[in-house]
Novice: 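Take a look at the following structure, please.
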Amino acid sequence: GVRLINLYDNDKVSDITLIPHDLDDEELDVEVGKLKKAAPPKSPADDEDEEDINEIDIDEEETDEDIE
């Protein structure tokens, strides 16, 4: 391996990334196609909307007899 950086005792690594090899035009087209077909990431706001749809408000005074 190759040392890229020296860390001090109190230093912490917060993120890493993989740098892929350069893609030729054909490989790049395949990767772009995969990304276009992938579902867009959900935002936290999307989750809140789903919860609202799935919640059912039931009147506590309503009984089975009232429904029939």
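Remember, it's a predicted structure, so these values are computed and weren't measured experimentally. The figures that follow rest on heavy atoms only: side chains count, while hydrogens, waters and symmetry mates do not.
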Novice: With a sphere of 6.0 Å drawn around CG of Asp24, does it hold more than 12 non-hydrogen atoms of other residues, nucleotides or ligands?
Specialist: yes
Novice: Counting only heavy atoms not in Asp11 (residues, nucleotides, ligands), do more than 12 fall under 6.0 Å from its CG?
Specialist: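 Count over threshold, so yes.
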Novice: By salt bridge (Lys or Arg N to Asp or Glu O under 4.0 Å), which residues pair with Glu31, not counting sequence neighbours?
Specialist: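 Only Lys34 meet the salt bridge (Lys or Arg N to Asp or Glu O under 4.0 Å) criterion with Glu31.
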Novice: Identify whether Ile16 and Leu7 are in the same connected component of the hydrophobic contact network (ILVMFWY, side-chain heavy atoms under 4.5 Å).
Specialist: yes
Novice: Hydrophobic cluster membership, with links at side-chain heavy-atom distances under 4.5 Å among I/L/V/M/F/W/Y: are Val13 and Ile5 in one?
Specialist: yes
